[in-house]
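Scope of the values below: all heavy atoms of this structure, side chains included, with no hydrogens, waters or symmetry mates. A, B, ... follow the sequence lines: proteins, then strands. Residue 1 opens every chain.
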2 protein chains.
Amino acid sequence: MILHDYFRSSAAFRVRIALNLKGLPAERRFVHLRKGEQRSPEYLALNPQGLVPMLTVGGESITQSLAIIEYLDETHPEPPLLPASPADRAFVRSIALAIACDIHPVDNLRVLLHLRDAFGATQEARDEWFRHWIREGFGAIESQLAARASGRYCLGDSPTLADICLVPQAFNALRLEKDLSAWPRIAAVHAACLEHPAFAAAVPAAQPDAE
Amino acid sequence: MILHDYFRSSAAFRVRIALNLKGLPAERRFVHLRKGEQRSPEYLALNPQGLVPMLTVGGESITQSLAIIEYLDETHPEPPLLPASPADRAFVRSIALAIACDIHPVDNLRVLLHLRDAFGATQEARDEWFRHWIREGFGAIESQLAARASGRYCLGDSPTLADICLVPQAFNALRLEKDLSAWPRIAAVHAACLEHPAFAAAVPAAQPDAE
């Protein structure tokens, strides 16, 4: 398995956590997003989306972090990254997707740069944009988590896809928020996750390409 | 089952297609997004995310269209909305997520309105923003679909989660693009889907709340 990765990409961070939870080794290839390596002809030939992460396995290249993680969970079922019952699976996926669809895409680097280029948005205006979507998204997730709070993690005492998405988004939030105290349940889950070695080993600063 | 719906929501449109493909009836409750009904205290008490769709079933309320569709596929397996092999499932999910994470969230109503409010973006500038992400996203998806083209739909001769996401996004694109001819494989799949009664019955204009 080859993981195309970048230390600061929170979508790649999700896949690193999943690989660690499964105990799966992957060869790493680093794509420097800030230098624009994802737009090189060589990389676009591999992945027309021009994004990381991408996982190459058995001759297939899989794009999109959640598709990669569901694939890993289907092909390496232990430990499971989704609970057993359909209703619980739906809850976990809904938290993961609230982050992956409603917070991260509007706050990621390519959108912030396009705000600058299309509207001349200043750094301050881009920071306020970023905070707006974090607060809107985390406020809703906090309510949903609190309503079903049980155990150390988003749902129960084993990490799931929801935690895998929550921690990288919390890392992003902490670039502009001084702490997570506005969202106590998110803060508690985040702290619990960081005590888990699979999460700790996946953080941006621990990666070989970290700057 | 109760579906909280809005005719113009492309995320709700996805769930309508999935329910039709499964032959599942759902009571419909309409939440008028342009009137802001999703921000009413009553609706936020049900769904803190303040978004449609939401599916209420067996006492649980499930948010996020892809979580709802995966739940429907797990609880009502026929006809399947994902192929059998993990690699094909990953391909289908990656197309669905490229739309659900990388095009739709940056181009939806709440983001366009926030561009207006935060940056004073004119209608023309908002239209150009919208087109930028459609072209970027559809260009990549066109390459990925063309590389694996086989059969009437995104993958093979049965509709999957990829088609369920593609058609509503194509409807959105056609509000500003005169046709889909820049993306011939997407255009062919879109046309094939609209001949399928499950898709045809789910289009915005066919809904009871259509204006």
How long is the gap from [atom1] on [X] to [atom2] on [Y], to the nearest 0.5 Å?
X        : Y         : atom1 : atom2 : answer
Leu44(A) : Ser143(B) : CG    : OG    : 9.0 Å
Leu97(A) : Ile68(B)  : CG    : CD1   : 10.0 Å
Ser94(A) : Asn47(B)  : OG    : CG    : 9.0 Å
Gln64(A) : Ile95(B)  : CD    : CD1   : 8.5 Å

task: Please work out whether the ring planes of His114(B) and Trp129(A) are parallel, tilted or perpendicular, with thresholds of 30° and 60°.
output: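 Answer is tilted, since the angle falls between 30° and 60°.
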- prompt: Under a 4.5 Å heavy-atom cut-off, does chain B meet the side chain of Phe119(A), its backbone, both or neither?
  reply: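 The side chain, not the backbone.
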- prompt: Which bit of Leu51(A) comes within less than 4.5 Å of chain B, counting heavy atoms only: side chain, backbone, both or neither?
  reply: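 Side chain of Leu51(A) only, per the 4.5 Å heavy-atom cut-off to chain B.
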Can you see which heavy atom on [X] is nearest to which on [Y], and at what distance?
X         : Y         : answer
Ala67(B)  : Ala90(A)  : CB-O, 3.8 Å
Pro86(A)  : Tyr71(B)  : O-CD1, 3.5 Å
Cys101(A) : Cys101(B) : SG-SG, 3.7 Å

Interface residue of largest heavy-atom contact number with chain A, from [options], under 4.5 Å:
options                                   : value
Glu60(B), His104(B), His132(B), Glu128(B) : His132(B)
Arg89(B), Glu136(B), Arg110(B), Glu142(B) : Arg110(B)
Val106(B), Thr75(B), Val111(B), Ile62(B)  : Val111(B)

field: Heavy-atom pairs under 4.5 Å with chain B, option from Leu66(A), Asn108(A), Leu115(A), Ile141(A) with the top count
entry: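 Heavy-atom pairs under 4.5 Å are most numerous for Leu115(A).
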message: Shorter than 4.5 Å, heavy atoms on both sides: which option in Ala96(A), Ala87(A), Ala118(A) has the most such pairs with chain B?
response: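 Result: the option with the highest number of such pairs is Ala87(A).
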- prompt: If you draw a 6.0 Å radius around CD in Glu27(A), do more than 12 non-hydrogen atoms from other residues or ligands fall strictly inside?
  reply: yes
